[in-house]
Amino acid sequence: QVQLVESGGGQVQPGDSLRLSCIAFGHGFDNLAVGWFRQAPGKERVFVAAMNWSGGRTSYSDSVKGRFTASRDNPKNTAYLQMINLKPEDTAVYYCAAGAVSPLKTGAQEYDYWGRGTPVTVSS
C-alpha cells in the first residue's frame with residue numbers, strides 16, 4: 001500500500017514557475033510508475049505527465065510538452081513536476097498517482113494510488 005501527498009501548489013502569475021512534489025509513504029514506490037493529472041473547475045480529470053519507475057522514460061500531454069518536466073528521487077520516495085511558463089489554462093487541482101503501469105499509460109484508471117491534490121491557480 002502506498003499513500004501519496006502532493007505539495008507545492010499555489011497562486012502565481014502567467015509566465016511564472018512552480019514545482020510540485022509528491023511524497024510517497026509505504027513500500028514499493030520505487031517500483032511504480034508515477035502519473036500527474038489535473039482537474040480544472042467543472043472539467044474532467046486529465047492526464048498531464050507520467051514517468052516509469054526510474055524516471056528514465058516520460059510521457060507528456062501536448063498541452064504541457066516543453067513546459068512541464070516530471071522527475072523523481074526514489075531514495076527520497078518523492079516525485080516532482082516542474083512547471084515553467086505557466087498559463088491561465090494550467091489552473092487546476094494537480095494530482096499525483098502511482099501504479100504498476102508498463103508501458104506508460106495516460107488513463108487515470110491505470111493508476112492504483114492517488115493523492116488528494118494540490119491546487120494551482122495562474123492568474124494576473
Side-chain angles (χ1 to χ4, degrees):
Q1 191 77 6
V2 175
Q3 294 181 323
L4 304 174
V5 179
E6 303 95 336
S7 63
Q11 183 166 350
V12 297
Q13 294 186 340
D16 284 352
S17 300
L18 275 177
R19 188 178 78 161
L20 305 183
S21 298
C22 171
I23 187 166
F25 299 92
H27 297 288
F29 175 74
D30 52 358
N31 292 324
L32 301 176
V34 170
W36 288 94
F37 294 78
R38 67 186 181 187
Q39 188 167 14
K43 296 188 177 181
E44 294 185 351
R45 191 173 301 187
V46 297
F47 170 77
V48 174
M51 58 188 156
N52 71 336
W53 66 273
S54 68
R57 183 170 295 179
T58 55
S59 177
Y60 299 94
S61 69
D62 288 342
S63 61
V64 308
K65 199 171 295 182
R67 299 188 299 121
F68 290 13
T69 303
S71 63
R72 63 193 297 167
D73 186 340
N74 283 342
K76 293 184 178 179
N77 270 8
T78 303
Y80 304 98
L81 185 67
Q82 178 69 51
M83 308 184 293
I84 66 171
N85 191 21
L86 283 160
K87 304 176 181 181
E89 52 264 42
D90 295 318
T91 294
V93 177
Y94 283 72
Y95 297 89
C96 169
V101 182
S102 181
L104 293 178
K105 300 287 178 62
T106 62
Q109 70 277 8
E110 304 289 342
Y111 296 83
D112 300 311
Y113 308 106
W114 289 83
R116 293 187 174 184
T118 184
V120 173
T121 302
V122 186
S123 174
S124 56

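These numbers were taken from a predicted model, which means no experiment stands behind them.
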**Message:** Determine whether Val34 and Leu4 satisfy the following criterion, side chain to side chain contact (heavy atoms under 4.5 Å, CB included), listing intermediate values before the conclusion.
**Reply:** CA-CA 10 Å; Val34 170; Leu4 304 174; over 6 Å; no

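Checking side-chain atoms of Asn52 against main-chain N and O of Arg57 turns up a donor-acceptor pair under 3.5 Å. Using a distance-only test at 3.5 Å, with no hydrogens or angles considered, a donor-acceptor pair links the side chain of Glu6 to the main chain of Cys96. Under a 3.5 Å cut-off, the side chain of Arg72 and the backbone N or O of Trp53 do form a donor-acceptor pair.
Hydrophobic clustering places Val2 together with Leu81 (ILVMFWY residues linked when any side-chain heavy atoms are closer than 4.5 Å, directly or through intermediates). By the rule that hydrophobic residues join a cluster once side-chain heavy atoms approach within less than 4.5 Å of another member, Val64 and Val120 end up as members of one cluster. Under a hydrophobic clustering in which Ile, Leu, Val, Met, Phe, Trp and Tyr are joined whenever their side-chain heavy atoms come within less than 4.5 Å, directly or via other members, Tyr80 and Tyr94 fall into different clusters. Hydrophobic clustering of Ile, Leu, Val, Met, Phe, Trp and Tyr side chains at less than 4.5 Å, counting indirect connections, keeps Val101 apart from Val48. Linking Ile, Leu, Val, Met, Phe, Trp and Tyr residues whenever their side-chain heavy atoms come within less than 4.5 Å leaves Val93 and Val12 in two separate clusters.
To the nearest 0.5 Å, atoms CE (Met83) and CH2 (Trp36) are separated by 8.0 Å. Taking CG of Asp112 as the start and CD of Gln1 as the end, the distance is 9.0 Å to the nearest 0.5 Å. Atoms CG and CG, from Asp30 and Asp73 in turn, are 11.0 Å apart once rounded to the nearest 0.5 Å. The CG atom of Leu18 sits 12.0 Å away from the CD1 atom of Ile84 when rounded to the nearest 0.5 Å. Rounded to the nearest 0.5 Å, atoms CZ (Phe68) and OG (Ser17) are 9.5 Å apart. One distance of note links CG of Asn77 with CD of Gln3; it measures 12.5 Å at 0.5 Å rounding.
With respect to the salt-bridge test (charged N to carboxylate O, under 4.0 angstrom), the residues Asp90 and Lys87 do not qualify.
Counting only N and O atoms by type, the side chains of Ser123 and Thr121 include no donor and acceptor under 3.5 Å apart.
Under the rule for a ring-ring contact (aromatic ring centres under 6.0 Å, His included), Tyr113 has no partner lying at least two apart in sequence or in another chain. With sequence neighbours excluded, no residue satisfies side-chain hydrogen bond (donor to acceptor under 3.5 Å, both in side chains) with Thr58.
Minimum heavy-atom separation, Trp114 to Ala108: CZ2-O, 3.4 Å. The two residues Ala92 and Arg38 have their closest heavy-atom pair at CB-CB, 3.8 Å. Nearest heavy atom pair, residue Pro14 against residue Ser124, reads CD-N, 3.7 Å. Contact detail for Thr78 and Phe29: the closest heavy-atom pair is N-CE2, 3.8 Å. Across all non-hydrogen atoms, the minimal contact from Ala79 to Met51 is CB-CE, 3.6 Å. For the pair Tyr60 and Ala70, the tightest heavy-atom approach, listed with the atom from each and the gap, is OH-N, 2.8 Å.
By the 6.0 Å contact criterion, CD on Glu44 is open, its count of non-hydrogen atoms from other residues, nucleotides or ligands being 12 or less. Other residues, nucleotides and ligands contribute over 12 non-hydrogen atoms within 6.0 Å of the CD atom of Glu89.
Arg45 forms no cation-pi arrangement with Phe37, by the criterion of a distance under 6.0 Å to the ring centre and an angle within 45° of the ring axis.
Looking only at side-chain heavy atoms (C-beta outward), Lys65 and Ser63 stay at 4.5 Å or farther from each other.
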